[in-house]
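Atoms considered below: every heavy atom in the structure, side chains included; atoms not considered: hydrogens, waters and symmetry mates. Just so we're on the same page: letters track the sequence lines, and every chain starts at 1. Keep in mind it's a predicted model, so treat the numbers as computed, not measured.
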Number of protein chains: 2
Amino acid sequence: MGVTKTEIFTAEQNRIADLGKAFAHPARVAILQMLISRKACVCGDLVGELSLAQATVSQHLKELKRIGIIQGEINPPRVCYCINPSVWEEARQAFGTMLDSFISITCCP
Amino acid sequence: MGVTKTEIFTAEQNRIADLGKAFAHPARVAILQMLISRKACVCGDLVGELSLAQATVSQHLKELKRIGIIQGEINPPRVCYCINPSVWEEARQAFGTMLDSFISITCCP
DNA sequence: AATATATATCGCAATATTACGATACATATT
DNA sequence: AATATGTATCGTAATATTGCGATATATATT
C-alpha cells in the first residue's frame, strides 16, 4: 500500500532512517554544507546559491528542521538557521557506530 | 514537477545523497545491520526476520545493490548477499568527512 | 521429466516526495 | 498607514517510493 511500516522496526532503526533522510537529497546535502561553512545563514542566501525556487528551499529547510538537524531562530522577516549541535552529534555517533561496525569479511567475490 | 534536479548539484553532493538513501529507510538499515552481523546472508533469511513480504525485501536489496553498498553472488536458487567493502569505505569516508567538518559554533539559541 | 525451493520481476494501488507559482504573514521602512 | 522585504504556507502537478500478490526464473532433488 505504500506506507512505510515503521512499527516493525526498532526505534534506533527508525531514527537512523530519519537522520539518513537529511542526507538523502542533494539539495539538503548542499544546504547542510552551506550551514557548516558559514556557521549561520538565512533562507535567502541559500536560494541565491541553489538553483531552486524559494518555496522549494523553504520546504527542504522544514524537513531538516523536522528531523531536528538544523534549528532556526524566527525573527521575521528573517530567520537565522544553523546546525543543531546535539542532533548533529547524534548523527555523527549513529552513523559512526554503524559504519565502523563492519569488519571487512566478504563472502561474495 | 517533482523531479529531483540532480544537474544543479555537484557529483559529490549527488553521491552523498545516493549513499544517504541506503540509510534512509528502516528496512534497509535493518538489512545492512543483518549483513554486518552475519558476514553473509541470503534473501530468505532476511525475509524471515523482517515482517515484510519477500517481494518487498527483494526490492530493498535491489536498491542497495543499485547504490553499490551491497553485492550479490547469484547462484540460483540462492543468492549470497554481503556488504561491498569498497563502497562501504566510501560511505564511511564521505559521511565521516562531512560529519566531522562541523565545528560547533551556533548562532541560534 | 516432474517437483520443490529460493529469489527476481511484473503489475498494481496507496502514499510520499519534489518542485514551483501564488499568496499569506510578520516586521522594517518610509 | 502604505510599502518593501524576506520567509512560510497553500495548492497543485509530476514523479518516486513502498508494499504486496502473482508470476517468472533458475537450479536442486526426486
Next on the checklist: Let's see if you can work this out: which of D/dG6, C/dA8, D/dG19 has an atom nearest to the side-chain heavy atoms of A/Thr4?
Outcome noted: D/dG19
Next on the checklist: Quick test of your reading: applying salt bridge (charged side-chain N to carboxylate O under 4.0 Å, His left out), list the pairs with at least one residue in residues 16-33 of chain A, sequence neighbours left out, ordered by first then second residue.
Outcome noted: A/Asp18-A/Arg66
Next on the checklist: Applying a 4.0 Å non-hydrogen cut-off, can you work out what A/Val42 is touching in the nucleic acid: base, sugar-phosphate, or nothing?
Outcome noted: sugar-phosphate
Checklist entry - Looking at C/dT7, D/dT7, C/dC20, which one has an atom nearest to any side-chain atom of A/Thr56? => result C/dC20
Checklist outcome for this item: Closest to the 5' end of DNA chain D, once B/Ser51 and B/Glu63 are matched to their nearest nucleotides, is B/Glu63
Checklist outcome for this item: Ordered by number, residues from residues 5-22 of chain B within less than 4.0 Å of DNA chain D (heavy atoms) are B/Lys21
Item to check | Donor-acceptor pair present, A/Gln59 side chain and D/dA8 base, under 3.5 Å | outcome: no
Next on the checklist: With a 4.0 Å cutoff (strictly under), does any side-chain N or O of A/Ser58 reach OP1 or OP2 of D/dA8?
Outcome noted: yes
Next on the checklist: OP1 or OP2 of D/dG19 versus the side-chain N and O atoms of B/His25: is any pair under 4.0 Å?
Outcome noted: yes
Item to check | Whole-Å distance separating the CG atom of B/Leu61 from the C1' atom of C/dT9 | outcome: 14 Å
Item to check | Pairs involving residues 43-56 of chain B, ordered by first then second residue, that meet side-chain hydrogen bond (donor to acceptor under 3.5 Å, both in side chains) (sequence neighbours left out) | outcome: B/Arg38-B/Glu49
Item to check | A/Phe23 CZ - C/dT17 P separation (whole Å) | outcome: 17 Å
Checklist entry - Distance check: side-chain N/O of A/His60 vs OP1/OP2 of C/dT17, anything under 4.0 Å? => result no
Checklist entry - When the distance from CD1 of B/Ile70 to C1' of C/dA8 is rounded to whole Å, what number comes out? => result 13 Å
Checklist outcome for this item: Atom CD of B/Gln54 and atom C1' of D/dC20 are separated, to the nearest Å, by 10 Å
Next on the checklist: Measure CG/A/Asp45 against P/D/dG6 and give the value in whole Å, please.
Outcome noted: 10 Å
Checklist entry - In terms of side-chain heavy atoms of B/Lys65, which of C/dA8, D/dC20, D/dA8 is nearest? => result C/dA8
Item to check | Length of the line joining A/Lys62:NZ and D/dG6:P, which is rounded to integer Å | outcome: 22 Å
Checklist entry - Within this structure, what is the CG-to-C1' distance between B/Leu46 and C/dA8, rounded to whole angstrom? => result 15 Å
Checklist entry - Does A/Met34 belong to the same Ile/Leu/Val/Met/Phe/Trp/Tyr cluster as A/Ile83, with side-chain heavy atoms less than 4.5 Å apart forming each link? => result yes
Checklist entry - Side chains of A/Met98 and B/Val29: closer than 4.5 Å at any heavy-atom pair? => result yes
Item to check | Smallest separation among heavy atoms of A/Ala94 and A/Ile16, with atom names | outcome: CB-CG1, 4.3 Å
Checklist entry - Counting just side-chain N and O atoms, does A/Tyr81 come under 4.0 Å of either OP1 or OP2 of D/dG6? => result no
Checklist outcome for this item: Contacts of B/Ala55 and B/Arg28 projected onto DNA chain D by closest heavy atom; the upstream (5') one is B/Arg28
Checklist entry - Under the salt bridge (charged side-chain N to carboxylate O under 4.0 Å, His left out) rule, what pairs show up with a residue in residues 77-89 of chain B, not counting sequence neighbours? => result B/Glu89-B/Arg92
Item to check | Between P of C/dT27 and CD of A/Glu73, the distance in whole Å | outcome: 12 Å
Checklist outcome for this item: So CZ of A/Phe95 and CG of A/Asp100: to nearest 0.5 Å the spacing works out to 13.0 Å
Checklist entry - Are side-chain heavy atoms of B/Trp88 and B/Leu35 found at a separation under 4.5 Å? => result no
Item to check | Partners passing side-chain hydrogen bond (donor to acceptor under 3.5 Å, both in side chains) against A/Lys65 (at least two apart in sequence or in another chain) | outcome: A/Tyr81
Are any protein N/O atoms closer than 3.5 Å to N/O atoms in nucleotides 26-29 of chain D? If there are, list each pair with its distance.
{"unit_1": "D/dT27", "atom_1": "O3'", "unit_2": "B/Pro76", "atom_2": "O", "d": "3.4"}

Next on the checklist: Check the orientation of A/His25 and B/Phe9. Use parallel for under 30°, tilted for 30 to 60°, and perpendicular for over 60°.
Outcome noted: perpendicular
